[in-house]
> 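Quick one: structure below, then a few questions.
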Amino acid sequence: MDSVLWRNRAMTLFDRIPMPVAVCDADGAIILANPAMAAEWGSAPGALRDRNVLELFRPEEKTQVVRIVEALRLGRRSRYPVAVRWEAADGVRRHGELTAEPVSDTADEVPGLLVLLRVLGEDTAPAAPETTAAATPSEARILALLATGATTERAARETGLTRDGVTYHLRRLTERWGASNRTELVARAYALGVLVPGEWPPKAAAAATGGQPIG
């Protein structure tokens with residue numbers, strides 16, 4: 001009975017926090033959001049459940065997220081700030097900082113994330129247009145390796161990333177391009193000009209790597 005009482009009190013306090021807050025799993029999927037977080041998206045807190053925070057907030061530097069994934073894999077427990085931008089429910093583009101803090105009942109348990117949003121201001125300049133064809137240099141290198149039939153482990157070894165880092169990039173590409181599997185990812189990479197057609201071994205296009213084509 002006491003545990004139920006304390007849980008109800010904790011939930012009441014969580015809902016009353018004026019700062020936007022969410023509890024997520026290790027992959028960033030929202031488990032619980034408070035009303036302040038839901039208000040940013042003009043929805044009820046329950047409507048944000050299972051949404052990924054990276055779908056809602058756009059990191060200014062994707063490498064920040066990769067570093068957090070790798071730190072969690074290594075069992076590090078710290079606060080991780082990420083500079084983000086987003087367009088709120090009222091249509092206003094804002095920028096701010098997400099702080100992700102690992103939380104778990106035991107040191108051996110895979111941690112969840114307590115995510116706090118600090119709104120720093122509004123953007124007055126027009127947003128730069130985004131293109132679904134864009135791929136970062138790291139993503140282009142991974143796609144070139146996948147086109148050869150490389151496994152996640154080999155792609156990690158040859159790019160200098162961790163296995164989790166490669167998986168993160170592939171998940172983001174899958175979401176961005178709406179691909180259903182890795183074969184479709186590679187096919188779209190060729191169609192979008194990320195990989196050079198007719199080359200073997202596969203090469204990333206110069207436009208995707210910021211320099212010369214690479215294998």
> Count I, L, V, M, F, W, Y as connected when their side-chain heavy atoms are under 4.5 Å apart, and connections chain through other members. Are V84 and L120 then in the same cluster?
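No, it is not one cluster - the side chains of V84 and L120 are not joined through contacts under 4.5 Å.
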> Just by distance, with hydrogens left out, do R154 and T148 show a side-chain donor and acceptor under 3.5 Å apart?
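Looking only at side-chain atoms, T148 and R154 do form a donor-acceptor pair, the distance falling under 3.5 Å.
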> Does the distance from a Lys or Arg side-chain N to an Asp or Glu carboxylate O, for R58 and E87, drop under 4.0 Å?
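Between E87 and R58 there is no salt bridge, as every charged N stays at least 4.0 Å from the carboxylate O atoms.
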> Mind checking whether L32 and M37 have side chains closer than 4.5 Å, heavy atoms only?
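The answer is no, as the side chains (C-beta and beyond) never meet within the 4.5 Å cut-off.
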> Any non-hydrogen side-chain atom of V21 less than 4.5 Å from a side-chain atom of L114?
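Yes. Closest side-chain heavy atoms under 4.5 Å.
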> Go through the steps to decide whether R172 and E139 satisfy the test salt bridge (charged side-chain N to carboxylate O under 4.0 Å, His left out), and finish with yes or no.
CA-CA 9 Å; R172 295 294 291 159; E139 290 168 345; over 6 Å; no
> Under the criterion salt bridge (charged side-chain N to carboxylate O under 4.0 Å, His left out), I'd like the reasoning laid out for D123 against R85: C-alpha separation, chi angles, the key distance, then a yes or no.
CA-CA 9 Å; D123 296 339; R85 294 183 182 274; 2.6 Å; yes
> Would a single hydrophobic cluster contain both V92 and L117, if residues Ile, Leu, Val, Met, Phe, Trp and Tyr are joined by side-chain heavy-atom contacts under 4.5 Å?
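Hydrophobic grouping puts L117 apart from V92.
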> I need the R171 CZ to R176 CZ distance, nearest 0.5 Å.
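Reported value, rounded in 0.5 Å steps: 12.5 Å.
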> Under 4.5 Å between any side-chain heavy atoms of L56 and W86, yes or no?
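No, too far: nothing below the 4.5 Å cut-off.
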> Would you sort out whether R157 and E153 count as a salt bridge (charged side-chain N to carboxylate O under 4.0 Å, His left out), showing the intermediate values?
CA-CA 6 Å; R157 188 168 59 251; E153 288 76 10; over 6 Å; no
> Under 4.0 Å between a Lys/Arg side-chain N and an Asp/Glu carboxylate O for E158 and R141?
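Between R141 and E158 there is no salt bridge, as every charged N stays at least 4.0 Å from the carboxylate O atoms.
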> Name the residue from D25, D50, L48 that meets the side-chain contact (heavy atoms from CB on, under 4.5 Å) definition with I31.
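It is D25; the other options fail the test.
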> For S43 and R51, does a side-chain donor sit closer than 3.5 Å to a side-chain acceptor?
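Per modelled atom types, S43 and R51 side chains form no pair under 3.5 Å.
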> Side chains of E40 and V119: does their closest heavy-atom pair fall under 4.5 Å?
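The answer is yes, as the side chains (C-beta and beyond) meet within the 4.5 Å cut-off.
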> Say whether, by atom type as modelled, one donor and one acceptor occur between the side chain of N34 and the main chain of M19 under 3.5 angstrom.
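Yes; at least one donor-acceptor contact below 3.5 Å.
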> Using a strict threshold of under 4.0 Å (side-chain N to carboxylate O), is an ion pair present between R93 and E122?
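Salt bridge between E122 and R93, a charged N being under 4.0 Å from a carboxylate O: no.
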